[in-house]
Amino acid sequence: LSSEVEQLSRSKDHLHLLQHFCSLNAPPATKDWTEVMVRPSSYEETVLSAVAQLEDTLSDKIKMMKKMKIMHQFAVDVTLDPLTANPHLVLSDDEKQVYCSDVWKKLPDNKERFSPCVCVLGKQSFSSGRFYFEVQVKGKTEWTLGVVKESINRKGDITLTPKNGYWTVILRDGNVYKACEDHPVILHLKCVPEKVGVFVDYEEGVVSFYDVDAAALIYSFTHCCFTHKLHPYFSPFNNDGGKNSAPLIICPVNQSE
């Protein structure tokens, strides 16, 4: 009898071992993942948003570059008019550069000449169509650029407003940019422009300013009513003890770009 009991005990132990071995090899329970949604982490969302924003920026940049390429087709050769230059201004021999000196030259006080404001006009006038020119402003702390009516008053103090025949953008104090509307508009620029493009569409009544290197719009005067000849307008502003001695330079426009 004892041998039978011992044999039965061994059989139970073998059965337990077999059951344990089978449980180790049994496949794990599976789960249906078809209804589970995985949300991207906040980092991934940030990256996706940045990529989308970059795509929009590149698209806008390409559009602006194409627009500026079209404007280049209307580039004109502008030179400075010595007869209009304030006596403090020094013009280069090729009449493409101007800066302000501390010396007041003895010049005829003809009706075309600005006095006392340190300004000069372009020789060329425009009374129809579209035209475009570029001016280097690199190294300057103050300047004024734009277009004006030929009939403006050249003597005494000047108020730069469209009402008075001026469509201009200015830099003052090294970092303050303004569009000289009848109520001045402060401009918040992403980059410091080193070359400014000026585009005029006479019939559409638009005067636009561009940061050439960044291919970015600075400002547009719209709904202008032009009935007079327009001249390019330049002011290198005061020398400021040499801090603002860099010249304004009328640049050739690369029409192949």
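For the single chain, residues carry numbers from 1 onward in sequence order.
- Here C117 contributes atom SG and L160 contributes atom CG; the two are 8.0 Å apart, rounded to the nearest 0.5 Å.
- Using a 4.5 Å cut-off on side-chain heavy atoms (C-beta onward), Q124 and T79 make contact.
- In this structure, the separation between CG on L189 and CZ on F209 is 12.5 Å, given to the nearest 0.5 Å.
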Criterion side-chain hydrogen bond (donor to acceptor under 3.5 Å, both in side chains) on T161 and E181, from CA distance to verdict: CA-CA 5 Å; T161 62; E181 293 275 13; over 6 Å; no
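- Considering all non-hydrogen atoms of both residues, A75 and V253 come closest at CB-CB, 3.8 Å.
- Ring planes of Y202 and F226: tilted class, angle from 30 to 60°.
- N175 CG to E142 CD: the interatomic distance, rounded to the nearest 0.5 Å, is 10.5 Å.
- A distance-only check finds a donor-acceptor pair linking the side chain of D182 to the backbone of K163 [under 3.5 Å].
- Although no hydrogens or angles enter the test, the distance criterion places no donor-acceptor pair under 3.5 Å between the side chain of K140 and the main chain of K243.
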Chi angles and distances behind the side-chain contact (heavy atoms from CB on, under 4.5 Å) call for V196, L145: CA-CA 9 Å; V196 176; L145 289 175; 3.9 Å; yes
Stepwise side-chain contact (heavy atoms from CB on, under 4.5 Å) test for L187 and V185: CA-CA 6 Å; L187 306 175; V185 178; 4.2 Å; yes
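- Side-chain contact between F234 and V78: present, with at least one pair of heavy atoms (C-beta onward) separated by less than 4.5 Å.
- A donor-acceptor pair under 3.5 Å is formed between the side chain of S92 and the backbone N or O of Q97.
- At a threshold of 4.5 Å between non-hydrogen side-chain atoms, the residues Y177 and I218 do not count as touching.
- Considering all non-hydrogen atoms of both residues, V118 and C100 come closest at CG1-SG, 4.0 Å.
- To the nearest 0.5 Å, atoms OG (S235) and CZ (F114) are separated by 9.0 Å.
- For OH of Y166, the number of neighbouring non-hydrogen atoms (other residues, nucleotides, ligands) closer than 6.0 Å is greater than 12.
- Across all their heavy atoms, L80 and V98 have their closest contact at CD1-CB, 3.7 Å.
- In this structure, the side chains of N164 and I152 stay at 4.5 Å or more apart for every pair of heavy atoms.
- Here N110 contributes atom CG and T84 contributes atom OG1; the two are 8.5 Å apart, rounded to the nearest 0.5 Å.
- Closest non-hydrogen pair, P247 versus Y99, comes out as CA-CB, 3.9 Å.
- D173 places no side-chain N or O within donor-acceptor distance of the main-chain N or O of V176, the cut-off being under 3.5 Å.
- One finds the NZ atom of K178 at 5.5 Å from the CD1 atom of I186 (value rounded to the nearest 0.5 Å).
- Using a 4.5 Å heavy-atom cutoff, the side chains of V147 and Y233 are not in contact.
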Enumerate donor-acceptor pairs with a distance under 3.5 Å from any side-chain N or O in residues 125-137 to protein atoms, sequence neighbours excluded.
residue, atom, partner, partner atom, Å
Y132, OH, E134, OE2, 2.6
E134, OE2, H72, NE2, 3.4

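- Sequence neighbours left out, the pairs with a member in residues 143-158 that pass side-chain hydrogen bond (donor to acceptor under 3.5 Å, both in side chains) are D109-K155, T144-R172, E150-H231.
- D81 places a side-chain N or O within donor-acceptor distance of the main-chain N or O of L83, the cut-off being under 3.5 Å.
- Neither V206 nor V148 shares a network with the other; the hydrophobic side chains, linked directly or stepwise wherever heavy atoms of I, L, V, M, F, W or Y lie under 4.5 Å apart, form separate groups for each.
- The cluster map of Ile, Leu, Val, Met, Phe, Trp and Tyr, joined by side-chain heavy atoms under 4.5 Å apart, puts I250 and L91 in the same cluster.
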Derivation of the side-chain contact (heavy atoms from CB on, under 4.5 Å) call for L230 and V200: CA-CA 10 Å; L230 298 177; V200 178; 4.1 Å; yes
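- Clustering ILVMFWY residues whenever any of their side-chain heavy atoms sit less than 4.5 angstrom apart, transitively, puts F237 in a cluster other than the one holding I170.
- What you find for A215 and M64 is that their closest heavy atoms are O-CG, 2.7 Å.
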Full working for side-chain contact (heavy atoms from CB on, under 4.5 Å) between R113 and L107: CA-CA 9 Å; R113 193 177 308 281; L107 297 172; 3.6 Å; yes
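- Side-chain atoms of N244 come within 3.5 Å of backbone N or O of P236 as a donor-acceptor pair.
- Residues I158 and L171 are members of separate hydrophobic clusters, defined by side-chain heavy-atom contacts under 4.5 angstrom among Ile, Leu, Val, Met, Phe, Trp and Tyr.
- A 4.5 Å side-chain heavy-atom check between M68 and F199 finds every atom pair outside the cut-off.
- Under the 4.5 Å side-chain criterion, counting only non-hydrogen atoms from C-beta, P232 is not in contact with V198.
- In the displayed structure, K105 atom NZ is contacted under 6.0 Å by more than 12 heavy atoms of other residues, nucleotides or ligands.
- For N239 (side chain) and D102 (main-chain N/O), no donor-acceptor pair under 3.5 Å exists by modelled atom type.
- Here the side chains of K138 and D213 are not in contact, with every heavy-atom distance at 4.5 Å or above.
- Residues K123 and E95 are paired through a salt bridge, judged by an N-O separation under 4.0 Å between the basic side chain and the carboxylate.
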